[in-house]
Amino acid sequence: MARPNKEIQALLQEYADLILITGGDAFRARAYEKAARAIGGSRADVSQLDEKGLRDIPGVGKSIADKVVEYLRTGEMPEMGEVRERIPSGVRHLVEIPMLGPKKAKILYDDLGISSVPALREAIEQGRLRDLKGFGPKTEENILHGIELLRVAGERIPLNVATELAEEVVAALNEVEGCEKCTWAGSLRRMRETVGDVDILVAARRSEPFMEAFRALPYVAETIAQGEKKTSIRTSTGTQVDLRVVPPGSWGAALIYFTGSKAHNIRLREMAVRRRLKLSEYGLFHAKSGKKIVSETEEEVYARLDLPWIPPTLREDRGEIAAALHDGPRRSGGSRASRGSHEAEKEKESESADEPQQLPELLTESDIKGDLHTHTNLTDGLASLEDMVDAAARRGLLYYAVTDHAPELRMQQMTEEKILAQRERVRELDGKRRKMRLLHGTELNIGPGGDVDWPEDFLRDFDICVASVHSHFNQNRDAQTRRLLRACDNPRIHIIGHPTTRIIGKREGLDVDLDAVFAACARTGTALEINAHPHRLDLHDEHILRAKHHGVKFAVNTDAHSLPDLECLGYGVGMAQRGWLTADQVINTWPLRRLRSFLRTPQP
DNA sequence: GCCGTTTTCGGCCCGACTGTTTTCAGTCG
């Protein structure tokens with residue numbers, strides 16, 4: 001997505017936050033927030049738009065359009081400068097703490113002069129919040145917990161942010177003369193749900209031009225370390241990026257080494273040692289002579305260790321080595337390793353895994369035929385039905401479900417009339433965009449007792465029903481579990497959306513007996529969503545691995561609320577891969593006929 | 001600050017929950 005959009009979005013959002021913190025008009029703040037979201041979600045590159053074009057974006061009026069034009073022209077927004085001078089930037093970080101909003105942040109700053117998260121923690125520890133109006137012991141406790149959540153998440157960045165950054169760095173370094181190969185490695189390549197720092201690997205004969213180009217990137221704020229083989233920088237948004245340049249002949253070994261995980265690498269090195277070899281980022285060598293054996297591609301290195309190539313998303317030391325040994329090196333062309341040592345290895349590695357299994361034929365993004373959870377501006381989406389459908393069709397989907405929010409999510413003001421009118425329009429558009437077929441559905445709200453919004457006979461006429469928890473996050477474990485089990489038992493519900501409802505770094509998942517839910521899903525034929533939104537990624541890999549054992553089916557959905565959201569599918573696929581899923585276990589890889597039959601089958 | 005077929009002023013998603021209070025403010029979705 002266009003970088004200026006994100007920049008403007010952040011700027012307007014910051015301005016909205018500051019309006020609230022200074023006690024300004026809440027509606028004015030909301031207007032900025034809305035405009036920020038609309039610009040962030042807009043397909044058009046705002047830096048290419050004039051005032052008129054900007055005002056065509058819903059929620060952007062004359063005042064905001066003028067400010068944006070001014071900012072794009074001069075790099076400044078005068079109003080912002082003024083308010084920034086009055087409010088230290090740290091005060092704004094206070095509202096990033098869950099449970100702490102602008103009103104409380106203002107009190108903390110006005111009465112106690114607290115202008116940073118560490119200062120707030122200190123003030124709580126010193127008991128200085130005790131006589132502040134509206135702050136009790138429970139609030140203190142919640143704030144401390146919120147700070148902890150923030151700290152844990154704050155050191156890591158969301159997968160999409162890291163991906164966008166890595167794409168830019170790789171694109172820039174690919175332009176440097178002498179670049180033979182360039183890609184990202186590390187936890188980003190393994191598609192972990194959050195990323196601590198971004199690792200970039202280049203294959204080239206000379207490293208200096210790359211180090212130089214790297215340090216000169218426009219968003220580099222500081223150089224942390226610089227040398228011949230490695231340079232580390234920090235971006236203006238605080239993310240560390242490491243660049244390693246290796247000789248082209250070492251590419252494969254280096255890519256394995258820098259992709260990790262550490263545990264996976266240790267296992268590989270142990271296997272090398274048992275073969276009287278030595279594995280490093282420069283290659284696989286004879287231990288005694290130091291003579292290089294292989295190092296050019298990942299496949300070669302794995303094969304020489306009697307393994308097929310292992311997909312990066314599996315390299316977490318969760319049994320993938322044992323599974324790969326089970327398969328042997330055949331897939332990658334094979335080697336002439338001695339039979340005896342191979343068999344011994346299998347046994348040894350199998351001991352450490354719970355049960356020997358084969359490497360799965362992993363789900364890939366191209367296996368996904370449709371998206372089964374999406375929104376439009378009929379509720380809280382940013383784009384119209386027509387635009388969402390067009391964009392989905394352009395992405396090559398064969399089918400697409402429109403599932404706007406049901407009435408219990410009251411802020412969306414859904415009614416039967418509205419959803420029926422939408423259904424008519426969906427029927428008209430069905431098959432009209434690159435022959436993509438449309439399903440009309442809804443995202444129901446699972447109430448505190450497990451009931452859902454609309455009556456049974458109204459639900460029957462939807463092609464598909466996703467049901468999700470949007471409220472009452474703090475019920476006790478028993479109640480929460482009963483609630484979800486009741487939803488699983490509802491024959492009208494096909495998919496449980498974002499099953500744990502966690503928001504990465506913001507909100508923990510529900511306290512619920514997930515194994516009971518997984519078992520119920522398997523029993524009733526209710527699919528579990530793998531929500532691809534980078535802030536959710538829910539279920540996550542470990543849950544998927546557990547659910548899979550129960551025999552559950554999954555749906556990898558974007559939950560798109562805007563056109564760019566449709567592009568997030570790959571993050572969900574990454575999570576599914578980390579959960580060792582094959583295409584057949586994911587219902588939206590199925591042909592439409594099979595999917596429809598699954599949706600129609602009355603559940604026991 | 002934005003918006004409009006009930007409009008150019010006066011609304012602005014609205015209800016629930018939590019923790020603080022003693023009738024309500026702040027936060028969330």
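Because only heavy atoms are used, hydrogens play no part in the values below, and waters and symmetry mates are left out as well, while side chains stay in. Convention: sequence-line order gives letters A, B, ...; per-chain numbering from 1.
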Practice task
Taking side chain to side chain donor-acceptor pair (under 3.5 Å) as the test, write out the residues that go with A:E542, two or more places apart.
Solution key: none

Handout entry: Pairwise C1' distance, B:dT8 and B:dG1 [rounded to whole Å]
Key = 15 Å

Cut-off 3.5 Å, no hydrogens considered: what does the side-chain donor-acceptor table look like for residues 100-119 of chain A, sequence neighbours left out?
| from | atom 1 | to | atom 2 | distance (Å) |
| --- | --- | --- | --- | --- |
| A:K106 | NZ | A:D110 | OD2 | 2.9 |
| A:S116 | OG | A:A119 | N | 3.1 |

Exercise for the section: Please give the nucleotide sitting opposite B:dT8 as a Watson-Crick or G-U wobble pair, both distances under 3.5 Å, or none. Expected result: none

Problem - Distance between C1' atoms of B:dT27 and B:dT20 (Å, rounded) - result: 13 Å

Problem - Distance between P atoms of B:dG15 and B:dG10 (Å, rounded) - result: 24 Å

Practice task
Report the distance from atom NZ of A:K34 to atom P of B:dC12, rounded to the nearest whole Å.
Solution key: 13 Å

Exercise for the section: Between B:dT5 and B:dC12, how far apart are the P atoms? Round to whole Å, please. Expected result: 15 Å

Handout entry: Interatomic distance, A:R37 CZ vs B:dC12 P [rounded to whole Å]
Key = 19 Å

Problem - Nucleotide B:dC9, atom P - distance to CG of A:D25 in whole Å - result: 18 Å

Practice task
Using a strict 4.0 Å threshold on nitrogen-to-oxygen distance, state whether A:E386 and A:K432 make a salt bridge.
Solution key: no

Problem - Under-4.0 Å side-chain N/O to phosphate OP1/OP2 contact, A:R30 with B:dC13 - result: yes

Exercise for the section: Determine, for A:E33 against A:R37, whether the closest basic-nitrogen to carboxylate-oxygen distance falls under 4.0 angstrom. Expected result: no

Problem - Value in whole Å for how far the P atom of B:dC3 lies from CG of A:D56 - result: 11 Å

Exercise for the section: Do nucleotides 17-27 of chain B as a string where each nucleotide becomes B, S or -: B if the base has a protein heavy atom under 4.0 Å, S if just the sugar-phosphate does, - if no protein is that close. Expected result: SSSS-----SS

Handout entry: A:E443 CD - B:dG29 C1' separation (whole Å)
Key = 12 Å

Exercise for the section: Determine: side-chain N/O of A:R507 to OP1/OP2 of B:dG29, distance under 4.0 Å, yes or no. Expected result: yes

Practice task
Quick one: label A:K106 by what it contacts on the DNA or RNA (base, sugar-phosphate, nothing), any heavy atom closer than 4.0 Å.
Solution key: nothing

Fill in the blank from the handout: Separation of B:dC13 atom C1' from A:H405 atom NE2, nearest Å, is 12 Å

Problem - Pair A:K67 + A:E70: basic N to acidic O under 4.0 Å - result: no

Handout entry: A:E193 and A:R502 ion-paired at < 4.0 Å
Key = yes

Handout entry: Touch class at under 4.0 angstrom, heavy-atom based, for A:S63 against every strand present
Key = sugar-phosphate

Practice task
Take the angle between the ring planes of A:H543 and A:H540 and call it parallel below 30°, perpendicular above 60°, tilted in between.
Solution key: parallel

Practice task
State whether A:R482 and A:D478 are salt-bridged, where the test is any N-O pair (Lys NZ or Arg NE/NH1/NH2 against Asp/Glu carboxylate O) under 4.0 Å.
Solution key: no

Problem - Residue whose closest nucleotide on DNA chain B lies nearer the 5' end, A:V60 versus A:F27 - result: A:V60

Problem - Distance, rounded to the nearest Å, where A:M414 contributes CE and B:dC13 contributes P - result: 16 Å

Exercise for the section: Please report, rounded to the nearest Å, how far the P atom of B:dG1 is from the CG atom of A:L18. Expected result: 15 Å

Problem - Whole-Å C1' distance, B:dC13 and B:dC2 - result: 15 Å

